[in-house]
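Following: one structure in structure tokens, then a few remarks.
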Amino acid sequence: MTPIVSVKDVQKTYDGGFEALKGVSLDIRDGEVLALLGPNGAGKTTLISIICGIATATSGQVKVGGHDTVDDYRAARSLIGLVPQEINLEPFETVMNTVTFSRGLFGKPRDDAHMERILRQLSLWDKKDAQTKELSGGMKRRVLIAKALAHEPKVLFLDEPTAGVDVELRRDMWETMKDLKSHGVTIILTTHYIEEAELMADRIGIIAKGEIKLVREKEALMAELGKKQLVVELSERANGIPESLGKYDLTLSDGGSEIVYHYDSRKDRTGITRLLNDLQAAGLQMSDVRTEQSSLEDIFVDLTKGDAR
Amino acid sequence: MNLIAIKAIYIFEMKRTFRTLLQSVVAPVMSTSLYFVVFGAAIGSRIDQVEGVSYGAFIVPGLIMLTVLTQSVTNAAFGIYFPKFIGTIYELLSAPASFLEITAGYVLAAATKSLAIGLIILATAFFFVDLQIQHPVWMLAFLLLTCLSFSLLGFIIGIWAGNFEQLQLVPLLVLQPLIFLGGAFYSVSMLPELWQTVTYFNPVVYLVSGFRWSFYGLADVPIGWSLLAILGFTAACIFIIGLIFRTGWRLRD
Ligand SMILES: Nc1ncnc2c1ncn2[C@@H]1O[C@H](COP(=O)(O)OP(=O)(O)OP(=O)(O)O)[C@@H](O)[C@H]1O
Ligand SMILES: [Mg+2]
């Protein structure tokens, strides 16, 4: 399947000479939800801005729906909806006017039913005649989403849509995203919330210091994360693993005072009960037991270590 | 051609104009009326006729031009500067619309507003002075072309402006002298020869002259020159805007 968005060797140096993207390549699949994680200043917004036509790449190529975003910008851009990170709205304009404007700007004829559907879905229908300056921050963010959805995009970029949004509203937004996904919309989401990525994404990309460090199926990533360790602290140091425990994947650590057992927490049978019985049978005195698990956060921190600015 | 986009921008901008209708129209109409009273009635009665036209009537075309030029530039400049300032420009830049379409939307809206103000002032002028319009079609054509071309200039200034001071200062610093030295209040032939020559480098002279000709058949420069000057100016502005959008100057990072 050809990717709906294809980013090839995109490099971006800002006027001040700062290199925000160091040759990024990324293929986004039609219909997927891709979460882009990365610390502040990693280049997420820069990448999105280049794809959407707000910034120009210093070099490299971007295609959306097979159309080059520079040479064939009309075809490329009409597929894209963008919810920017910053809340930018005309303060004196009504909600309805700004959203209608967005649809027109993208060349779509007026469609009142569609407007109503979007505004209702985002719980903005009551506010349709309110000036945007009269709205709360969370409502403003929803207006931005409504604007992006006004022209029925195939690809939706959400640049930190849930930043500064309360729990309930965040759930609503997740519902909206799921609904869009079920209608075949491709979603690219940047976020600082790892749970959000876990919950929403099909694939997770990690970007740091202007480079994509990893793009992986969420399932694969989670499988890796599913690996757990059971650490058994012994009252007395053991010199080696007793013969009788040879069938387990065990290692001795901390100079023999701890036995570490690796297992997959998502399996029905983790083997923990049998192991503990066998340990006792082998005459080992246990003083404490604990489990350890690497989280997405650990992977994230590992990959982006020292990159935070 | 994304005609719907042009229409969307135009309507959006016109709604903004109507929201502030009173202040947008009242101020220019009032200040021009004051000019009519002071220059037309008070001072004008002591000045001889200019080439057979009473001074009060003679200055009407120039005064309309003065207002229309300033209005066109400031309206269009503000129209595009505001989205830049508050950040909504992201939407224009990411829209499937060409520079011509975006420019057309903003410039047509600004030009409509200044054309309306120009016509209101013209109507007001009838209250103060005896007016005749010999070539009404040409009069409208000149007015329209002026509104369009100077809205284009304003659009460029709006893109260029980095802050509100620049946005306000440039129309003031550049336009006022051009207009006052552009023959709005006198016939160029009244000036010493050296200044007459200098005057011909001022584009506004051609506008005022052409516009006044459509009223009284009096012109400082041949009417064809006036038309050429204004068309050339329009083309130059469009060319510059095209360049700006292609390079992304002051628009795209
Ligand atoms: N207009 C600009 N001019 C110069 N440098 C810029 C500009 N915009 C961004 N940068 C720099 O480029 C880098 C990447 O910025 P970007 O906004 O893409 O980061 P981000 O990943 O979106 O961060 P955040 O999570 O904080 O939103 C940063 O170091 C930033 O300072
Ligand atoms: Mg960002």
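Please read these numbers as outputs of a predicted model, since none were measured by experiment. To find a chain, count down the sequence lines: A is the first, B the second, and so on, and within it residues start at 1.
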Practice prompt. State, without any angle test, whether B:Tyr90 and A:Ser49 hold a side-chain donor-acceptor pair at a distance under 3.5 Å.
Written response: no
Discussion item. Does any backbone or side-chain atom of A:Leu89 lie under 4.5 Å from a heavy atom of chain B? Answer side chain, backbone, both or neither.
Written reply: backbone
Worksheet item: Does the ring center of B:Phe36 lie less than 6.0 Å from the ring center of B:Phe127?
Response: no
Practice prompt. Flag the one option from B:Pro83, B:Gly87, B:Ala95, B:Gly105 with the top tally of heavy-atom pairs under 4.5 Å to chain A.
Written response: B:Ala95
Worksheet, complete the sentence: Cut-off 4.5 Å, heavy atoms of chain B, and the answer for A:Lys108 is backbone
Worksheet entry | A:Asp112 and A:Arg110 ion-paired at < 4.0 Å | yes
Discussion item. Between A:Gln61 and A:Asp9, is there a side-chain donor-acceptor contact under 3.5 Å, judged purely by atom types and distance?
Written reply: no
Discussion item. In this structure, is the centre-to-centre distance between the rings of A:Phe18 and A:Tyr14 below 6.0 Å?
Written reply: no
Worksheet item: Is a side-chain donor or acceptor of A:Thr2 paired with a backbone partner of A:Gly66 at a separation under 3.5 angstrom?
Response: no
Fill in: Residue part contacting chain B, namely of A:Glu90, when any heavy atom lies under 4.5 Å
both
Discussion item. Quick check on the 6.0 Å ring-centre criterion: do B:Phe233 and B:Tyr206 meet it?
Written reply: no
Worksheet item: Any chance the side chains of B:Thr103 and B:Glu101 put a donor and an acceptor closer than 3.5 Å?
Response: no
Worksheet item: For A:Asp15, is it the side chain, the backbone, both or neither that has a heavy atom under 4.5 Å from a heavy atom of chain B?
Response: neither
Fill in: Contacting region of B:Leu92 [heavy-atom separation from chain A under 4.5 Å]
both
Practice prompt. Could you tell me whether B:Phe211 and B:Phe142 have their ring centroids closer than 6.0 angstrom?
Written response: no
Worksheet item: When heavy-atom pairs shorter than 4.5 Å are enumerated against chain B, which of A:Pro109, A:Ala55, A:Pro84 gives the highest number?
Response: A:Pro84
Discussion item. Applying a heavy-atom distance below 4.5 Å, give me the residues of residues 143-163 of chain A that approach chain B, sorted by number.
Written reply: A:Leu144, A:Lys147
Practice prompt. Pick one of side chain, backbone, both or neither for A:Phe106, based on which atoms fall under 4.5 Å of a heavy atom in chain B.
Written response: both
Worksheet item: Where on A:Thr69 is there a heavy atom nearer than 4.5 Å to chain B: the side chain, the backbone, both, or neither?
Response: neither
Practice prompt. For the residue pair A:Thr191 and A:Glu196, confirm or rule out a side-chain donor-acceptor distance under 3.5 Å.
Written response: yes
